[in-house]
Amino acid sequence: MKKIFFIVGLNIVLLPLVSQNLKVSDVPVEKLLNRVESPSDTIFVVNFWATWCQPCVTEIPEFNKIEPHYKNKPVVVIMASLDFPNQKDKRLIPFLKTNIILNSVYLLITPRGGDWISRVEKQWTGAIPFTLILHKKKRIFHEGEINYETIKKYLAQINP
């Protein structure tokens, strides 16, 4: 019972703070890839998701755990939303106002057709959720729902 009150209380305290500075930039997929694929010391964890994808929504708390745990390491989590651009104001923004997402959220603008999917990862079928972890020339991808323990395992593999 204490756990329920704690979670409810946490939502009451954090949700206004998270929603206050709510800004979602539209980012072309190529621009996102250029940023995360450029050589740097930063490890990028990119989650491709959508508000209409229940497994995607279920795993959001797993991504919220990453940056606080790795706060002394150059780890950046990006939540790349695949919601439709015409649904940004009607669906994505309201979703963000009522759900806690501690990481940067971008609305991914993709070209017509699915060619961009293989540009992200050759073996990706296009199904979401999909997570890509990049560090310099190393890449690990995970298609399907993921948990924090698996993410930690991947991070240890990519930057031991």
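Of the possible donor and acceptor atoms, none in the side chain of Glu145 sits under 3.5 Å from a partner among the backbone N and O of Thr58. Thr42 contributes no side-chain N or O that, together with a main-chain N or O of Phe44, makes up a donor-acceptor pair within less than 3.5 Å. A distance-only check finds no donor-acceptor pair linking the side chain of Lys136 to the backbone of Pro39 [under 3.5 Å]. Put simply, the side chain of Asp83 never gets that close to the backbone of Ala50: no donor and acceptor are under 3.5 Å apart. Between the side chain of Asn103 and the backbone N or O of Met79 there is no donor-acceptor pair closer than 3.5 Å.
Annotation: the span from Leu134 atom CG to Ser38 atom OG amounts to 10.0 Å, rounded to 0.5 Å. Here the CZ-OG distance, from Arg35 to Ser40, works out to 9.0 Å after rounding to the nearest 0.5 Å. A distance of 11.0 Å separates CD of Glu59 from CD of Gln54, quoted to the nearest 0.5 Å. Atoms CD1 and CG, from Ile140 and Leu155 in turn, are 8.0 Å apart once rounded to the nearest 0.5 Å. Put simply, CD1 on Ile146 and CZ on Phe141 are 11.5 Å apart, with the number rounded to the nearest 0.5 Å.
Between Phe63 and Val45, the closest side-chain pair of non-hydrogen atoms falls below 4.5 Å. Contact of the Ile43 side chain with the Ile158 side chain is registered, since non-hydrogen atoms from C-beta on lie closer than 4.5 Å. Using a 4.5 Å cut-off on side-chain heavy atoms (C-beta onward), Ile109 and Val27 make no contact. With contacts defined as side-chain heavy-atom distances shorter than 4.5 Å, the pair Gln87/Trp52 does not qualify. Using a 4.5 Å heavy-atom threshold, the side chains of Asn147 and Ile151 count as separate. Proximity of Lys152 to Tyr70: side-chain heavy atoms (C-beta onward) are separated by under 4.5 Å at one or more points. Phe95 has its side chain within reach of Val57: a pair of non-hydrogen atoms, C-beta onward, lies under 4.5 Å apart. In this structure the side chain of Val75 reaches within 4.5 angstrom of the side chain of Ile66, judged on heavy atoms.
The two residues Pro94 and Lys90 have their closest heavy-atom pair at CG-O, 3.5 Å. Pairing each heavy atom of Pro129 with each of Pro55, the nearest pair is CD-CB, 3.9 Å. What you find for Cys53 and Ile128 is that their closest heavy atoms are SG-O, 3.8 Å.
Outside the 6.0 Å centre-distance limit, the rings of Tyr106 and Trp49 are not counted as a close aromatic pair.
Hydrophobic clustering, with ILVMFWY side chains joined whenever heavy atoms are under 4.5 angstrom apart, keeps Leu82 apart from Val24. Note on Val77 and Val36: separate hydrophobic clusters, where clusters join Ile, Leu, Val, Met, Phe, Trp and Tyr whose side-chain heavy atoms are under 4.5 Å apart, directly or indirectly. Put simply, Ile133 and Val29 are part of two different groups of oily side chains (I, L, V, M, F, W, Y) that touch within less than 4.5 Å, one to the next.
The existence of a salt bridge linking Arg119 and Glu37 is confirmed by a sub-4.0 Å separation between a basic side-chain nitrogen and an acidic carboxylate oxygen.
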Audit row: Lys88, Asp26, side chain to side chain contact (heavy atoms under 4.5 Å, CB included) steps and yes/no: CA-CA 9 Å; Lys88 181 178 177 179; Asp26 298 356; 2.8 Å; yes
When you look at Phe84 and Leu92, which way does the side chain to side chain contact (heavy atoms under 4.5 Å, CB included) test go after all the steps? CA-CA 9 Å; Phe84 302 110; Leu92 180 59; over 6 Å; no
Residues Tyr148, His69; criterion side chain to side chain contact (heavy atoms under 4.5 Å, CB included); working and verdict: CA-CA 11 Å; Tyr148 180 62; His69 182 80; 2.8 Å; yes
Test Thr131 against Val46 for side chain to side chain contact (heavy atoms under 4.5 Å, CB included), laying out the working first. CA-CA 6 Å; Thr131 303; Val46 184; over 6 Å; no
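Using the six-membered ring where Trp is involved, Phe130 and Trp124 have ring planes that are parallel, under 30° apart on the 30 and 60° scheme.
In this model, a donor atom of one side chain and an acceptor atom of the other lie less than 3.5 Å apart for Glu143 and Thr125.
Shown are Ile100, Ile101, Asn47, Asn99; of these, the side-chain contact (heavy atoms from CB on, under 4.5 Å) with Ile60 is made only by Ile101.
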